[in-house]
**Student:** 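Take a look at this one; I'll ask things after.
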2 protein chains.
Amino acid sequence: MSLVLPSTGRRVPCEQCPLRPLPTFRDFTVPELKFVSSFKTGEMTAEPGAAIVSEGAHSAHLYTVLSGWAFRFKTLDDGRRQILNYLLPGDLVGLQGSIIGEMEHSVEALSPLVLCVFQRDRLDELFRNHPGLGFDVTWLASREERMLDDHLLSLGRRTAIERAAYLLAFLHERAIAVGLGKGNVQIPLTQQHVADTLGLSIVHTNKTLRKLTNRGLIRWLGRSCEILDAGELARVAGWDGPAERVRPLI
Amino acid sequence: MSLVLPSTGRRVPCEQCPLRPLPTFRDFTVPELKFVSSFKTGEMTAEPGAAIVSEGAHSAHLYTVLSGWAFRFKTLDDGRRQILNYLLPGDLVGLQGSIIGEMEHSVEALSPLVLCVFQRDRLDELFRNHPGLGFDVTWLASREERMLDDHLLSLGRRTAIERAAYLLAFLHERAIAVGLGKGNVQIPLTQQHVADTLGLSIVHTNKTLRKLTNRGLIRWLGRSCEILDAGELARVAGWDGPAERVRPLI
DNA sequence: CGGGGTCTTGATAGCTCTCAAGGGTCGTGG
DNA sequence: CCACGACCCTTGAGAGCTATCAAGACCCCG
């Protein structure tokens, strides 16, 4: 697990953010955009495997993913790891820590990652002067809650193959929404990540993914997974899709 | 599953709320309390088994639990049910629906329940005129997120007996925090609820709870569970406890 | 007194884990 | 160039955990 590369100065001005024009993100007013722009202090990059935030850290920062993939996880004392959710462009990182004060999960980069860094201590100013943005932060927290609800349903009540199909359909959907994947989407994952997300052993995960491969739904490429038939994956999982709607981008 | 009893007029004024003096809840300023009081339109009661909100409902209300127990859950098409979390006094109900627009989970009463009913369409006024309360709503959403993170870790990576011990220690902790349980805490649950929370079958849940009973950690009373040794339950689960701190009450 | 809900227990089937071993790729150093 | 280690993916076999099936006890209530 390598270290995070130090922050370099800002590069992409919020007004020219490559994410904002995407149809998934709602339009911001000029004052909102101006505040967000001033809220951002710089950018940070990280390589795959780098720890972005660590469980127990007290002075967590607040970030938004600008590009790349990451994941949130917790571990038990004996090392068992559970991946909680994935982070894609447009997702807030470290909100729990910023709001409540201490991180209770860790975050690690899955691909080369670029993060926008925000001034955490100006969060109250955001709520005071831009109620709409305050509402948006709550909106994003509710969205995360929904995804976790879905994951809980999956871990608790879906079979192994349903879980795998759900996870891959879910990640496919999210990747598409933020404009990743021209043609077939490739997800930068190892089977160990999948296992730690689904609550399965690595061996059984492998055998389960093989079934999906044999059905022609996915293809494994070594450190990444190509989605060939997202619709059929969702059907196998019994998953309706996310009803993802336009969301804020902070 | 019986129906919800219709709302009757308000009874408990927020200024005399029996929950607010508890040490778990932060003190509110006079204007905050005044707003919350005006935000509340009445109360609603429900009997055990009553549906408070249903998945897919579009016009969900926003509530806070005043007294009693409830739970949130989702189901798959074939009826498999997963309990996502429990609701105790002081918890918001229906925030996801209020923020995003549509409920993606259902809520059911576990005991006789009293809810404070709020005017959902004044939520934006809350954010506009009381930034501190807006922050509090986000705080509560983050708290829920944390609990879900813990549950995911449990479902994904704990064994059956660890999961059961975790769940009961968790509910014990929450009950204590809101002043339930003089002496030993009794949790109004059936083993079916436990099974649907832990992602286990009812039979195996029974056998697992028996082990905890034989170790003298709990006692099953028919439709409820008495916690005899919460510390040992937490130890069995490998759970540190919640680091629960003072929280807002809306 | 019957019926429904809850809790309990044993037996068997089936799913998942662990153990073990091997192949492949990639980057590094001899 | 080749050896080597590290990491990732794959597969088989047997053990262990969990689901399902089945049956019965208990309680409350109409």
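Below, read A as the first sequence line, B as the second, and so on, with proteins coming before strands; counting in each chain starts at 1. All heavy atoms count here, side chains included; hydrogens, waters and symmetry mates do not.
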**Student:** Any ion pair linking B/Asp149 and A/Arg72 (charged N to carboxylate O, less than 4.0 Å)?
**Tutor:** yes
**Student:** Between C/dT9, C/dC7, C/dT16, which nucleotide gets closest to the side-chain atoms of B/Trp220?
**Tutor:** C/dC7
**Student:** Let me know the distance between CG of A/Leu189 and P of D/dC7, rounded to the nearest Å.
**Tutor:** 18 Å
**Student:** Within the structure shown, what part of the strands sits under 4.0 Å from A/Ser201 by heavy-atom distance: base, sugar-phosphate, or nothing?
**Tutor:** base
**Student:** Kindly point out which of D/dC7, D/dT20, C/dC19 is positioned nearest to the side chain of A/Arg223?
**Tutor:** D/dC7
**Student:** Regarding A/Asp196 and A/Arg80, does a basic nitrogen lie under 4.0 Å from an acidic carboxylate oxygen?
**Tutor:** no
**Student:** Identify the heavy atoms of A/Val236 and A/Ala165 that sit nearest to each other, and give their distance.
**Tutor:** CG1-CB, 3.8 Å
**Student:** Rounded to the Å, how far apart are B/Lys211 NZ and D/dC17 C1'?
**Tutor:** 9 Å
**Student:** Compare the minimum distances between each of D/dA19, D/dT11, C/dC7 and the side chain of B/Leu200, then state the nucleotide with the smallest one.
**Tutor:** D/dA19
**Student:** Rounded to whole angstroms, how far apart are NZ on A/Lys207 and C1' on C/dA20?
**Tutor:** 11 Å
**Student:** Rounded to the Å, how far apart are A/Arg163 CZ and C/dC15 P?
**Tutor:** 13 Å
**Student:** Kindly give the heavy-atom pair with the smallest separation between B/Leu200 and B/Arg163, and that separation in Å.
**Tutor:** CD2-NH1, 4.0 Å
**Student:** Would you say B/Asn206 reaches C/dC7's phosphate, i.e. side-chain N/O to OP1/OP2 under 4.0 Å?
**Tutor:** no
**Student:** Assess whether a salt bridge exists between A/Arg235 and A/Glu162, defined as any Lys/Arg side-chain N lying under 4.0 Å from an Asp/Glu carboxylate O.
**Tutor:** no
**Student:** What nucleotide among C/dG10, D/dC9, C/dT18 has an atom nearest to a side-chain atom of A/Val203?
**Tutor:** C/dT18
**Student:** Take atom CD of A/Gln192 and atom C1' of C/dC17, then tell me their distance rounded to the nearest Å.
**Tutor:** 13 Å
**Student:** Rounded to the nearest Å, what distance is computed from the CG atom of residue A/Leu212 to the P atom of nucleotide D/dC9?
**Tutor:** 15 Å
**Student:** Provide, to the nearest angstrom, the distance between the NE2 atom belonging to A/His204 and the C1' atom belonging to D/dC17.
**Tutor:** 13 Å
**Student:** Send over the distance from A/Arg157 CZ to C/dC15 C1', rounded to a whole Å.
**Tutor:** 15 Å
**Student:** Closest-nucleotide mapping onto DNA chain D: is A/Gln191 or B/Gly199 further toward the 5' terminus? I mean the 5' end.
**Tutor:** A/Gln191
**Student:** Taking for each residue the nucleotide of DNA chain C with the nearest heavy atom, is it B/Arg210 or B/His193 whose nucleotide lies nearer the 5' end?
**Tutor:** B/His193
**Student:** With a non-hydrogen cut-off below 4.0 angstrom, is B/Ile202 in contact with a base, only sugar-phosphate, or nothing?
**Tutor:** nothing
